[in-house]
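Contents: one structure, followed by commentary.
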There are 2 protein chains.
Amino acid sequence: MKSELAVLDEFIRSKGLRHTHQREEILNIFLSTEKHVSIDELFKLVKRHDKRIGYTTVYRTMKLLSESGLCGEIDFGDGILRFEHKYGHEHHDHLICTKCGAFIEVMKPKIEELQERLSREHGFTPMRHRLQIFGLCKRCS
Amino acid sequence: MKSELAVLDEFIRSKGLRHTHQREEILNIFLSTEKHVSIDELFKLVKRHDKRIGYTTVYRTMKLLSESGLCGEIDFGDGILRFEHKYGHEHHDHLICTKCGAFIEVMKPKIEELQERLSREHGFTPMRHRLQIFGLCKRCS
DNA sequence: CTTACTATTGAAAATGATTTTCAATTATAC
DNA sequence: GTATAATTGAAAATCATTTTCAATAGTAAG
């Protein structure tokens, strides 16, 4: 499997864009985090390494990573956009604890299959989906 | 089944709030729309009936209706909060066409059941969930 | 290596939906 | 009616996100 940096570089080249140290650094820091970071959180992490990188650059770089397929955007409905690792990761759904904010990543092929069938029954061509289950995690319930 | 207005009134009384003609009017106009209205859309409809009702009141009243269980808030991930009828309506999921914006309401008990089981497998107590399938509707595909 | 070209950066300002503020108004209980 | 406190609506504040723009820095060509 290609490295994430190679994937980014390939994407950048194919679009006639440029490889910059900011982009490389933001990618590395994103990869080193445990998923689901907001732009603001990521910006703070990035600033620790290099104070001169601005919020805007983090914002723009995450959009770039999204386009290149390296990260996925997730919306838990609280008005803050978060990002998760996507390259080399399977699709999954989320269990979200409404008390402590913890999330669990889950996967149920049978549900995926039923969603596919449900869509077809309505003449709908599914491209992607989002399943979020809100409730209480083991510790909070 | 109690009327929606009766439900609202009961909720209002139970909280020591007041019945106002604005709240009644906004509820009626919301009920007369075909679901999935944003606050902005609803405000425009309301203004046709009564120019003196402000945006803020519509906003606050919809929050009130949400709390009372008369409407549900839906987030399609485009940054705009929409509302749908909830009282006397079954839970359902959404198929959302990414081309024309159409949405289809669907229901698959088997999926609900599997979600329940999936949650339990992870020691999670599910309260509510959100399933949105994005793709192309019959006409657009 | 140097130049020319143009993408990128970062600070600040703009955007846009949502939420709060506050003085005036209005519903409700007594 | 009167007193009390909730409600209203205009305007301002919030807050994440997005755009602007002048300065900076990759990249390719010479």
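Scope of the values below: all heavy atoms of this structure, side chains included, with no hydrogens, waters or symmetry mates. Every chain is numbered from 1, with letters handed out A, B, ... down the list of sequences.
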Q) Sequence neighbours excluded, which residues qualify as salt bridge (charged side-chain N to carboxylate O under 4.0 Å, His left out) partners of B:K44? A)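 B:K44: salt bridge (charged side-chain N to carboxylate O under 4.0 Å, His left out) contacts with B:D40.
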Return the polar atom pairs (N/O with N/O) between nucleotides 10-13 of chain C and the protein under 3.5 Å, or none.
unit_1	atom_1	unit_2	atom_2	d
C:dG10	OP1	A:Q22	NE2	3.4
C:dG10	OP1	A:R52	O	2.6
C:dG10	OP2	A:G54	N	3.2
C:dG10	OP2	A:T57	OG1	2.4
C:dG10	O5'	A:R52	O	3.4
C:dG10	N7	A:R60	NH2	2.4
C:dG10	O6	A:R60	NH1	3.3
C:dG10	O6	A:R60	NH2	3.2

Partner set under side-chain contact (heavy atoms from CB on, under 4.5 Å) for [X], not counting sequence neighbours:
X: B:K138; result: none
X: A:T33; result: A:F30, A:V37, A:L42, A:L45, A:H85
X: B:L17; result: B:I12, B:K15, B:R23, B:L64
X: A:E67; result: A:F11

Q | Flag if over 12 foreign heavy atoms under 6.0 Å of NZ, B:K86 | A |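 Check fails, neighbour count at 12 or below.
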Q. Using rotation axes that map the C1' atoms of four end pairs onto the next four (five pairs an end), what angle separates the end axes of the helix from C:dC1-D:dG30 to C:dC30-D:dG1, to 10°?
A.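 Computed from the C1' atoms at both ends, the axes differ by 30°.
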Q. Can you name the ring pair (Phe, Tyr, Trp, His ring centres under 6.0 Å) partners of B:H92, sequence neighbours left out?
A.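 With sequence neighbours excluded, B:H92 shows a ring pair (Phe, Tyr, Trp, His ring centres under 6.0 Å) to B:H94, given in chain and number order.
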Q: Could you pull out all residues at least two apart from A:Y59 that satisfy ring pair (Phe, Tyr, Trp, His ring centres under 6.0 Å)?
A: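 Scan of A:Y59 (ring pair (Phe, Tyr, Trp, His ring centres under 6.0 Å), adjacent residues dropped) gives none.
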N/O contacts under 3.5 Å, protein versus nucleotides 27-30 of chain D?
unit_1	atom_1	unit_2	atom_2	d
D:dT27	OP1	A:H19	N	3.1

Q) Do any pairs count as a ring-ring contact (aromatic ring centres under 6.0 Å, His included) and have a residue in residues 96-141 of chain B, sequence neighbours left out, and if so which ones? A)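 The answer is B:H36-B:F103, B:H91-B:H129.
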Q. Taking CG from B:L27 and P from D:dT7, how many angstroms apart are they, rounded to a whole number?
A.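 The distance from CG of B:L27 to P of D:dT7 comes to 15 Å, rounded to the nearest Å.
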Q | Interatomic distance, B:E24 CD vs D:dT8 P [rounded to whole Å] | A |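 Rounding to the nearest Å, CD of B:E24 and P of D:dT8 are 12 Å apart.
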Q.
Quick one, B:E121 with B:R117, criterion salt bridge (charged side-chain N to carboxylate O under 4.0 Å, His left out). Give me CA distance, side-chain angles, the key distance, then yes/no.
A. CA-CA 6 Å; B:E121 283 166 11; B:R117 197 183 305 171; 5.5 Å; no
Q. Where along residues 67-86 of chain B does a heavy atom come under 4.0 Å from DNA chain C, residue by residue in number order?
A.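 Listed by number, they are B:G79, B:I80, B:L81.
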Q) Is it true that a side-chain atom of A:Q22 and a backbone atom of A:G54 form a donor plus acceptor pair closer than 3.5 Å? A)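 Such a contact is absent between A:Q22 side chain and A:G54 backbone.
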(Q) Check whether A:Y87 reaches the backbone of A:K2 with its side chain - one donor and one acceptor, N or O, closer than 3.5 Å. (A)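 Such a contact is found between A:Y87 side chain and A:K2 backbone.
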